[in-house]
Amino acid sequence: MARKTKQQALETRHHILDVALRLFSQRGVSSTSLAEIAKAAGVTRGAIYWHFKNKSDLFNEIWQLYEFSIGSLESEYQAKFPGDPLSVLREILVYILEATVVVERRRLLMEIIFHKCEFVGEMATVQQVQRDLCLESYDRVEQALRECTLAGQLPADLLTRRAAILMRSYISGIVENWLFSPDTFDLKKEARDYIAILLEMYQLCPTLRAGPSQ
């Protein structure tokens, strides 16, 4: 019985997250209250507060679920491409772009991040969490790039921190622009080409290579 109760609680938690994601996408984060989420999810406000401390806590949980999915994907590709860190990196980046188009929940989250979230009031704490996640992201990407240089797949003198910053900005920019105007270009069809361009910059751009003083 205890196991069933625990499973039911987990299902309720995921249901609340799913409903919140959709409401945030429709109305914006600041304009959506926990009471509205509870009503749409068919649960009491007490149930909301049993699972989440506040709206920012709920929002952070949504974000972390999708961050975790990328981590799981990395393990999958590492098993598929052993000893080939560049292919692992390439496939993850292609997935991020393609998933923005074909995976509804990821697209909704990106729409919220870029267009439906104001970091004011109780959501101000989310901004600091996102900054911390951003730094962690730079660290993970830089480590992946270093593995590529050690494997001889990228230049040994690549400025990996600069390349990591460039990668995050490049991917975020493509996603944000596509979300703003999806008819402007075919992101799913061109995703692999955009990633190829980025990796070619790492291979060929002299400004991304360490000089004598660097």
Side-chain angles (χ1 to χ4, degrees), residues 63-64 66-103 105-115 117 119 127 129-214:
W63 178 254
Q64 289 171 13
Y66 291 93
E67 286 290 301
F68 177 77
S69 71
I70 297 299
S72 300
L73 193 67
E74 183 176 10
S75 299
E76 178 184 331
Y77 284 133
Q78 285 172 343
K80 186 176 181 179
F81 301 106
D84 187 357
L86 188 61
S87 288
V88 173
L89 181 61
R90 178 189 296 110
E91 295 307 314
I92 290 173
L93 295 175
V94 170
Y95 170 83
I96 290 172
L97 294 184
E98 290 183 342
T100 301
V101 181
V102 301
V103 180
R105 290 180 179 178
R106 184 165 188 85
R107 184 177 69 254
L108 293 177
L109 178 62
M110 293 298 99
E111 288 176 351
I112 293 165
I113 292 289
F114 289 118
H115 302 300
C117 185
F119 296 111
Q127 190 171 35
V129 172
Q130 296 306 312
R131 286 172 179 166
D132 293 340
L133 288 173
C134 182
L135 289 174
E136 291 177 11
S137 175
Y138 287 148
D139 291 341
R140 291 198 307 271
V141 171
E142 186 173 13
Q143 180 58 37
L145 291 169
R146 284 175 177 167
E147 291 173 3
C148 292
T149 63
L150 291 173
Q153 296 176 310
L154 288 177
D157 57 351
L158 180 71
L159 293 170
T160 52
R161 193 65 173 186
R162 185 177 295 177
I165 293 169
L166 175 64
M167 179 182 293
R168 185 179 175 90
S169 302
Y170 181 87
I171 297 297
S172 296
I174 290 174
V175 169
E176 183 177 10
N177 278 277
W178 182 81
L179 288 170
F180 184 75
S181 184
D183 295 331
T184 305
F185 58 100
D186 190 336
L187 180 56
K188 184 178 184 299
K189 180 180 178 181
E190 299 175 8
R192 193 165 293 275
D193 288 337
Y194 288 129
I195 300 308
I197 292 168
L198 176 67
L199 297 180
E200 286 166 8
M201 282 195 288
Y202 291 164
Q203 292 279 8
L204 303 172
C205 179
T207 315
L208 284 171
R209 310 284 282 274
S213 61
Q214 296 173 304

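Note that the structure is a prediction, hence the values are computed from the model and not measured.
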What are the two closest non-hydrogen atoms of [X] and [Y], and how far apart are they?
X: Ile92; Y: Tyr77; result: CG1-CD1, 3.7 Å
X: Cys205; Y: Arg209; result: O-CG, 3.5 Å
X: Ala151; Y: Pro85; result: CB-CG, 3.9 Å
X: Thr149; Y: Ala156; result: CB-CA, 4.3 Å
X: Val94; Y: Ala191; result: O-CB, 4.3 Å

[X] [atom1] to [Y] [atom2] distance, which is reported to the nearest 0.5 Å:
X: Phe114; Y: Glu111; atom1: CZ; atom2: CD; result: 11.0 Å
X: Glu76; Y: Tyr95; atom1: CD; atom2: OH; result: 9.5 Å
X: Asp157; Y: Leu208; atom1: CG; atom2: CG; result: 10.0 Å
X: Asp193; Y: Leu97; atom1: CG; atom2: CG; result: 11.0 Å
X: Ile171; Y: Ile195; atom1: CD1; atom2: CD1; result: 3.5 Å
X: Leu166; Y: Tyr202; atom1: CG; atom2: OH; result: 4.5 Å

Side chain to side chain donor-acceptor pair (under 3.5 Å) partners of [X], counting only residues at least two apart:
X: Tyr170; answer: none
X: Glu98; answer: none
X: Arg146; answer: Glu142

Got a sec: does the CZ of Phe180 have more than 12 other heavy atoms crowding it under 6.0 Å?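 Count not over threshold, so no.
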
Can you sort out the partners of Val141 under side chain to side chain contact (heavy atoms under 4.5 Å, CB included), two or more places apart, ordered by chain and number?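 Residues passing side chain to side chain contact (heavy atoms under 4.5 Å, CB included) with Val141: Ser137, Leu145, Ala164, Met167.
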
Applying side-chain contact (heavy atoms from CB on, under 4.5 Å), run through Arg161 and Leu159 and close with a yes or a no. CA-CA 6 Å; Arg161 193 65 173 186; Leu159 293 170; over 6 Å; no

Under 3.5 Å donor-acceptor, [X] side chain and [Y] backbone:
X: Gln153; Y: Leu86; result: yes
X: Tyr194; Y: Ile174; result: no
X: Thr100; Y: Ile96; result: yes

Check the pair Gln203 / Leu154 against side-chain contact (heavy atoms from CB on, under 4.5 Å), numbers first and verdict last. CA-CA 6 Å; Gln203 292 279 8; Leu154 288 177; 3.6 Å; yes

Under the salt bridge (charged side-chain N to carboxylate O under 4.0 Å, His left out) rule, what pairs show up with a residue in residues 175-184, not counting sequence neighbours?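 Matches after skipping sequence neighbours: none remain.
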
So which pairs with a foot in residues 85-95 pass salt bridge (charged side-chain N to carboxylate O under 4.0 Å, His left out), sequence neighbours left out?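 Sorted result for residues 85-95: Glu91-Arg192.
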
